[in-house]
Amino acid sequence: MKSNPPLELSYGLATCQFGNVVIAFADNCVHYLSFCIIIANAYDEIRALFPSTKLSMDETKTKLLTDIIFSKNEPIAVCPHGTPFQIAVWTALQNIPKGTTVSYSQIAHEIGKPNAVRAVAKAIGSNNIAFLIPCHRVISKNGGLAGFKWGLELKKQLLLWETNNL
DNA sequence: ATAAAGGCCACCC
DNA sequence: GGGTGGCCTTTAT
């Protein structure tokens, strides 16, 4: 991570229809969102990602945000942290309309680096704001789902849910 | 500094 | 179908 880390963040664990989610946020802006398989490790990644940030737990606000994101399905601001290249890729992802998918090479074109396909894939895989930065909408050009940090089954479910909740 | 590894894709059998 | 090589960035040595 190269951009300036936040001085302090609130964070918490909540449940949604896709399982447990961990969120770190400040001022209604989400800095981190992850699906959580092992509760015991829920906060390890946040700590690793923001080693010098003051973290304070706020389960109430976390539940509120989870509700906004996964139940009300309303837009919410994100503050991604990454290298300029990663930010460019993640920004491009946010322009993918809900309920549609694109290929990795389309994103590469979008950011003006048509040959950086593999680099794009890597940047997408290292996205720290799951769902809000819709890395699940990027699939393989041959029609396959390609990969997903939490398994292809969840990727499929997210896409399905989106097409049914436009 | 250098090497190796990617959530890929186009191209060849 | 399956292998292979190359694109560019990040991460590990």
Side-chain angles (χ1 to χ4, degrees), chain A residues 1-6 9 11 13 16-25 29-39 41-53 55 66 69-70 73 75-166:
Chain A
M1 169 166 54
K2 277 183 185 166
S3 52
N4 295 339
L9 289 174
Y11 69 95
L13 181 69
C16 72
Q17 67 269 44
F18 301 111
N20 298 311
V21 290
V22 189
I23 308 181
F25 56 93
C29 178
V30 176
H31 292 242
Y32 173 91
L33 193 162
S34 173
F35 295 101
C36 173
I37 314 281
I38 303 169
I39 302 234
N41 304 338
Y43 306 117
D44 294 354
E45 203 174 331
I46 296 180
R47 186 76 278 171
L49 223 45
F50 305 105
S52 59
T53 298
L55 299 175
T66 304
I69 296 167
F70 292 101
N73 197 15
I76 191 164
V78 295
C79 297
H81 300 279
T83 65
F85 180 82
Q86 290 172 327
I87 299 286
V89 171
W90 298 341
T91 304
L93 294 190
Q94 294 178 74
N95 294 329
I96 308 170
K98 203 160 40 143
T100 69
T101 57
V102 300
S103 69
Y104 293 84
S105 53
Q106 281 174 50
I107 296 294
H109 275 91
E110 187 116 354
I111 63 172
K113 302 199 177 186
N115 293 322
V117 191
R118 298 190 71 172
V120 164
K122 197 165 205 261
I124 290 176
S126 42
N127 157 41
N128 290 312
I129 313 184
F131 190 73
L132 295 177
I133 291 178
C135 50
H136 56 282
R137 294 185 199 142
V138 189
I139 62 177
S140 186
K141 200 164 199 188
N142 64 25
L145 272 185
F148 195 59
K149 191 170 175 180
W150 299 277
L152 294 181
E153 189 52 38
L154 180 56
K155 187 170 184 175
K156 205 189 311 178
Q157 284 179 30
L158 292 174
L159 289 169
L160 185 65
W161 181 79
E162 282 192 328
T163 59
N164 293 332
N165 290 275
L166 295 176

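Since we're looking at a predicted model, the values are computed, not measured. Reminder, nothing fancy here: chain letters follow the sequence lines and each chain counts from 1.
If you look at A:F50 and A:Y32, their ring centroids are not closer than 6.0 Å.
In this structure, A:V138 reaches the bases: a heavy-atom distance under 4.0 Å links it to at least one base atom across the strands shown. Using a 4.0 Å heavy-atom cutoff across all strands shown, A:K122 reaches at least one base atom of the nucleic acid. In this structure, A:S140 reaches the sugar-phosphate backbone alone: every heavy-atom distance under 4.0 Å involves primed, P, OP1 or OP2 atoms, never a base. Counting any heavy atom pair closer than 4.0 Å across all strands shown, A:A119 reaches a base atom.
On the nucleic acid side, DNA chain B has its first and last nucleotide under 4.0 Å of a heavy atom of chain A at B:dG6 to B:dA10, going 5' to 3'.
Contacts between residues 99-114 of chain A and DNA chain B, counted as heavy-atom distances below 4.0 Å, involve A:S103, A:Y104, A:S105.
Counting only distance, with no hydrogens or angles, the side chain of A:K155 and the backbone of A:V138 share a donor-acceptor pair below 3.5 Å. Remark: side-chain polar atoms of A:N73 are paired, donor with acceptor, to backbone N or O of A:N165 under 3.5 angstrom. Judged purely by atom type and a 3.5 angstrom limit, A:R137 has no side-chain atom pairing as donor or acceptor with the backbone of A:S103. Judged by distance alone, with hydrogens and angles left aside, the side-chain atoms of A:N127 form a donor-acceptor pair with the main-chain N or O of A:I133 at under 3.5 Å.
With sequence neighbours left out, the disulfide bond (SG atoms under 2.5 Å apart) criterion links A:C16 to no other residue. Partners of A:Y11 by ring-ring contact (aromatic ring centres under 6.0 Å, His included), not counting sequence neighbours, listed by chain and number: A:Y43.
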Anything under 3.5 Å between a protein N or O and an N or O of nucleotides 1-6 of chain C, put it in a table, one pair a line.
| residue | atom | partner | partner atom | Å |
| --- | --- | --- | --- | --- |
| C:dG6 | O6 | A:R118 | NH1 | 2.6 |

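Proximity of A:P80 to A:N128: side-chain heavy atoms (C-beta onward) are nowhere separated by under 4.5 Å. The shortest distance between side-chain heavy atoms of A:H81 and A:P6 falls below 4.5 Å.
Relative orientation of the A:W161 and A:F131 rings is tilted, given thresholds of 30° and 60° on the angle between their planes.
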* Yes or no on side chain to side chain contact (heavy atoms under 4.5 Å, CB included) for A:Q106 and A:H109, after CA distance, side-chain angles and deciding distance? -> CA-CA 5 Å; A:Q106 281 174 50; A:H109 275 91; 5.7 Å; no
* Structure fact -> Applying the Watson-Crick and G-U criteria (both distances under 3.5 angstrom) with [ ] for crossing and | for other-strand pairs, one obtains for DNA chain C ||||||.||||||
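Heavy atoms only, all atoms of each residue included: A:P5 and A:S52 are closest at CG-OG, 4.4 Å.
Side-chain nitrogen and oxygen atoms of A:T83 include at least one within less than 4.0 Å of the OP1 or OP2 phosphate oxygen of C:dT10.
Here the straight-line distance linking atom CG of A:L55 with atom CD1 of A:I46 works out to 7.0 Å at 0.5 Å rounding.
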